[in-house]
Amino acid sequence: MLDIKKIESDFDSVKKSLGNRNFDVSILEELLLLNKSRKNLTTASETKKADINKLSKEIGELKKNKQNADAPMKQVAELKASMEADAQELDRVLGKQNQILLTIPNLPVDSVPVGKDEEDNKEIARWGTPRQMDFTPLDHAVLGEKLDILDFETATKITGARFVIYKGAAARLERALINFMLDHQGTKGFTEMMTPFIAHERSLVGTGNLPKFEDQLFKLNSEQPWYLIPTSEVTLTNIKREQIMEETELPYLYAAYSPCFRSEAGSHGKDVKGLIRMHQFNKVEMVSICSPSQSEEIHQKMVKSATEILEKLGLPYRTLALCTGDMGFASQKTFDLEVWVPSQNKYREISSISNCGDFQARRASIRFRTKEGKVEFAHTLNGSGLAVGRTVVAILENYQQKDGSVLIPEVLQSYMGGMKVISK
RNA sequence: GGAGGACUGGCCGAGUGGUUUAAGGCAACAGUUUUGAAAACUGUCGUGGGUUAACGCCUACCUGGGGUUCGAAUCCCUAGUCCUCCGCCA
């Protein structure tokens with residue numbers, strides 16, 4: 001959520017920034033009008049309330065002394081009627097203002113490249129060289145079915161499209177990766193967490209998934225407004241919701257494994273085959289809650305930690321700085337990591353690491369007290385470290401052999417009971 | 001799932017309709033004292049909103065929401081959470 005005071009005071013620059021994000025800025029004018037009327041109504045109704053409070057005290061005195069209080073009581077009744085009209089209008093205006101504020105994306109910071117869509121993202125680093133293969137690489141889904149370790153058909157029977165059953169070595173590989181990634185994050189100072197996989201509506205509003213992106217979530221048919229989490233960013237970030245921390249506590253660095261549930265509404269026809277786009281996938285997530293002065297350095301630290309996983313696994317990747325038009329709703333700056341996928345002959349996203357600034361902290365009221373005693377909003381960051389299913393894709397494809405077997409990266413072998421190769 | 005009880009500031013805790021403008025204590029911070037520390041003493045000590053050049057003033061908040069009343073921490077309704085007991089259960 002943006003600060004309404006900032007929208008008011010820096011109107012032109014806010015408008016320009018949001019325009020760069022392909023956001024329809026026409027609503028901003030309305031927002032300013034609403035805010036003005038919110039202030040007027042607040043002043044009006046609070047002045048009346050102050051008068052009522054005074055009169056009520058007088059009434060108390062009069063009654064205590066057994067004196068007649070009809071006159072002030074009549075006055076209160078009149079003031080109250082008039083105040084309630086203001087209050088009702090104020091409720092409406094405030095509701096509308098919040099509703100708009102909750103649908104405005106974060107402002108990109110100056111260093112974010114201005115651009116329209118993913119075409120304008122800027123490659124800033126590349127690691128590793130895609131392996132030369134003297135055969136046509138198979139797609140991971142084909143490979144997995146040939147090796148009898150991925151079963152899409154049965155999962156579709158049991159649940160539906162975009163689900164999978166991992167079998168034998170693939171199941172073990174997935175589990176090995178989760179453990180390997182969590183262990184790695186542990187050595188980088190991230191505290192391992194295991195959170196609920198279901199979150200309350202409030203938590204999803206806090207991270208920015210609601211109210212705007214409800215169609216991308218699975219909502220439970222429960223008494224409480226519960227949703228399956230689309231990422232453990234939601235639960236990890238909300239750990240400090242509605243809290244005022246001490247500056248000395250910061251930063252918090254968390255890492256968690258969780259399954260992620262996404263409805264993938266609007267992605268019909270995209271990545272229909274294989275593990276790339278599923279309704280349920282596993283991810284190890286990093287989240288940091290820190291002070292504004294720490295967030296940029298921690299952002300770099302998170303990128304580094306994620307890239308180290310790819311390097312240890314020997315998977316070629318590149319790092320992109322996302323442009324203004326391609327960044328996620330809550331982010332003020334995002335780096336994507338893309339891993340080499342031989343069958344598609346291109347790099348595909350495997351991690352997205354965002355600094356959300358104080359955007360989520362405002363929504364979720366995550367604050368800290370500075371050493372000087374001032375209360376400020378914290379900064380929140382999140383990033384995949386990494387998406388596990390897509391890592392399996394990369395390993396199967398990049399480590400496949402001519403005979404259809406797949407070598408297991410050395411760093412994972414101890415996590416797989418010494419297994420060195422997956423073959424039929 | 002059933003029956004009962006509870007929820008007050010960072011923490012403990014008083015308060016059952018009108019100087020509560022939330023007592024008191026602990027913790028924290030600053031100062032005095034001290035060679036230094038401790039102790040003692042003094043002071044500060046919640047958050048949001050409105051208003052103001054500023055000091056300040058006003059307003060809301062006692063788990064959330066709604067209601068009764070001239071007036072609610074206090075009474076009523078409702079939701080949540082926790083505790084105790086019973087039942088069921090990995």
J.: Under 3.5 Å, which donor-acceptor pairs link side chains of residues 273-283 of chain A to any protein atom two or more places apart or in another chain?
T.:
| unit_1 | atom_1 | unit_2 | atom_2 | d |
| --- | --- | --- | --- | --- |
| A:Lys273 | NZ | A:Asp139 | OD2 | 3.3 |
| A:Arg277 | NE | A:Asp271 | OD2 | 3.1 |
| A:Arg277 | NH1 | A:Glu264 | OE1 | 3.4 |
| A:Arg277 | NH2 | A:Asp271 | OD2 | 2.9 |
| A:His279 | ND1 | A:Arg262 | O | 2.8 |
| A:His279 | ND1 | A:Ser263 | O | 3.3 |
| A:Asn282 | OD1 | A:Tyr257 | OH | 2.7 |
| A:Asn282 | ND2 | A:Glu174 | OE2 | 2.7 |
| A:Lys283 | NZ | A:Thr231 | OG1 | 2.8 |
| A:Lys283 | NZ | A:Glu285 | OE1 | 2.6 |

J.: Checking A:Glu308 now: which residues fulfil salt bridge (charged side-chain N to carboxylate O under 4.0 Å, His left out) with it, not counting sequence neighbours?
T.: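 For A:Glu308 the salt bridge (charged side-chain N to carboxylate O under 4.0 Å, His left out) partners, ignoring immediate neighbours, are A:Lys188, A:Lys304.
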J.: Categorize A:Arg369 for me: base, sugar-phosphate, or nothing, with a 4.0 angstrom heavy-atom threshold over every strand shown.
T.: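 The answer is sugar-phosphate, as A:Arg369 gets under 4.0 Å only of primed atoms, P, OP1 or OP2.
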J.: With rounding to the closest Å, how many angstrom separate the C1' atoms on B:G10 and B:G2?
T.: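 The same atom, C1', in both gives a distance of 37 Å.
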J.: Could you check whether A:Asp151 and A:Thr154, counting side-chain N and O atoms only, form a donor-acceptor pair closer than 3.5 Å?
T.: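 A:Thr154 vs A:Asp151: donor-acceptor pair found between side chains.
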J.: Considering every strand and a 4.0 Å limit on heavy-atom distances, what is the contact class for A:Gln224: base, sugar-phosphate, or nothing?
T.: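 It contacts sugar-phosphate atoms only.
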J.: Using a 4.0 Å heavy-atom cut-off, does A:Lys80 contact any base of the nucleic acid, only the sugar-phosphate backbone, or nothing at all?
T.: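 Result for A:Lys80 = sugar-phosphate.
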J.: If we count only N and O atoms by modelled type, under 3.5 Å, do the side chains of A:Ser354 and A:Asn382 hold a donor and an acceptor together?
T.: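 Result is no, nothing qualifies.
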J.: So, A:Ser295 versus A:Asn355: side-chain donor-acceptor pair below 3.5 Å or not?
T.: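 There is such a pair (donor and acceptor under 3.5 Å, judged by atom type) between the side chains of A:Ser295 and A:Asn355.
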J.: So, A:Arg92 and A:Glu89, do they make that salt bridge, N to O below 4.0 Å?
T.: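 Judged by the 4.0 Å cut-off on N to carboxylate O distance, A:Arg92 and A:Glu89 do form a salt bridge.
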J.: Sequence neighbours left out, cut at 3.5 Å: what donor-acceptor pairs do the side chains of residues 415-424 of chain A make with other protein atoms?
T.:
| unit_1 | atom_1 | unit_2 | atom_2 | d |
| --- | --- | --- | --- | --- |
| A:Tyr415 | OH | A:Asp183 | OD2 | 2.6 |

J.: Which residue, A:Asp51 or A:Arg202, contacts RNA chain B at a nucleotide closer to its 5' end, judged by nearest heavy atom?
T.: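 Its nearest nucleotide being more 5', the pick is A:Asp51.
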J.: Considering only the P atoms, how many Å lie between B:A73 and B:U19, rounded to the nearest integer?
T.: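 Comparing P positions in B:A73 and B:U19 gives a spacing of 10 Å.
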J.: Which nucleotide span of RNA chain B, 5' end to 3' end, has atoms closer than 4.0 Å to non-hydrogen atoms of chain A?
T.: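 Nucleotide range in contact with chain A: B:G18 to B:G80.
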J.: Which comes earlier along RNA chain B counting from the 5' end, the contact point of A:Arg367 or that of A:Ala50, where each point is its nearest nucleotide?
T.: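 The 5'-side residue here is A:Arg367.
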J.: Name all stems that contain residues of RNA chain B, defined as runs of 3 or more consecutive Watson-Crick or G-U wobble pairs, both distances under 3.5 Å.
T.: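 As far as RNA chain B goes, consecutive pairing (with distances under 3.5 Å) yields the stems B:1-7 with B:80-86, B:10-12 with B:24-26, B:28-32 with B:40-44, B:46-51 with B:56-61, B:63-67 with B:75-79.
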J.: With sequence neighbours excluded, what pairs up with A:Asp86 under the salt bridge (charged side-chain N to carboxylate O under 4.0 Å, His left out) test?
T.: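 Salt bridge (charged side-chain N to carboxylate O under 4.0 Å, His left out) check on A:Asp86 returns A:Lys48.
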